[in-house]
Amino acid sequence: MKTNKKLKALLSSLLAICLILGMLPMGAISAFAADGSACTADGCAGAYQNGFCSECDGYEAPKLVEGVYDVNDDGTKDNAYEISNAGQLYWFASQVNGGNNQINGVLTCDITVNPGVFDSDGNYTPVSAETPRQWTPIGNSSKYFKGNFDGRSFAVSGLYFN
């Protein structure tokens, strides 16, 4: 049992490091959260698709849950944002990069940002003619990520940055 906790902590730490550096695995088949809920931006008539607003391109905020997850394996339940789609992942990154860098995140399903194919050279071939959505890695030289991110064995795929 203790070995499983150590392995979970190691994998969660590795995911957090990869997330910060923008080096997550690409190409996995993923499940998306339900789409179609209304955008919460003032005056926007759009709907969220994979967490991105169809009108204003805003990000869907994830749900903050209190006392459910022990994201740092210290035996206490922590507050964490449940991330179930790509827009929520981008929202989380924008919070950290904007200075709210001690928040916690938990993946609740596999997420695909840019569905498509990356060839062996890393070139992106989209499913449609769309330009891939650009990813900004979490954390930077002035706003290090100090929270916890628990991937819970889920995958994030299709991240693209140049």
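Taking a cutoff of 4.0 Å between a charged side-chain nitrogen and a carboxylate oxygen, R152 and D110 do not qualify as a salt bridge.
Residues I83 and I111 have side chains in contact (heavy-atom distance under 4.5 Å, counting atoms from C-beta outward). Residues E55 and C39 have side chains not in contact (no heavy-atom distance under 4.5 Å, counting atoms from C-beta outward). V106 has its side chain within reach of V71: a pair of non-hydrogen atoms, C-beta onward, lies under 4.5 Å apart. Contact annotation: the side chain of N114 approaches that of Y160 to within less than 4.5 Å [non-hydrogen atoms, C-beta and beyond]. Annotation: side chain of F92 is in contact with side chain of F149 (closest heavy-atom distance under 4.5 Å). Side-chain contact between F52 and D57: present, with at least one pair of heavy atoms (C-beta onward) separated by less than 4.5 Å.
N101 places no side-chain N or O within donor-acceptor distance of the main-chain N or O of K146, the cut-off being under 3.5 Å. Side chain of Y48 to backbone of T40: a donor-acceptor contact under 3.5 angstrom is found. The closest donor-acceptor contact from the side chain of D70 to the backbone of D74 lies under 3.5 Å.
Listed here is the closest heavy atom pair of S157 and T112: OG-OG1, 3.1 Å. Of all heavy-atom pairs between G46 and S54, the closest is CA-OG, 3.6 Å. When all heavy atoms of Y90 and V113 are compared, the pair lying nearest together is OH-CG1, 3.3 Å. Nearest heavy atom pair, residue N148 against residue F145, reads N-CZ, 3.7 Å. Heavy atoms only, all atoms of each residue included: P62 and W91 are closest at CD-CE3, 3.1 Å. Looking at every heavy atom in both residues, C56 comes nearest to C44 through SG-SG, 3.8 Å.
Every residue meeting the side chain to side chain contact (heavy atoms under 4.5 Å, CB included) condition with N100, not counting sequence neighbours, appears here in chain and number order: Q95, I103. The side chain to side chain contact (heavy atoms under 4.5 Å, CB included) search around A45 returns none, not counting sequence neighbours.
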key: side-chain contact (heavy atoms from CB on, under 4.5 Å) evaluation trace for V65 with N79   = CA-CA 6 Å; V65 293; N79 295 349; over 6 Å; no

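Checked options D150, N72, V68; the residue passing with D78 is N72 (criterion: side chain to side chain contact (heavy atoms under 4.5 Å, CB included)).
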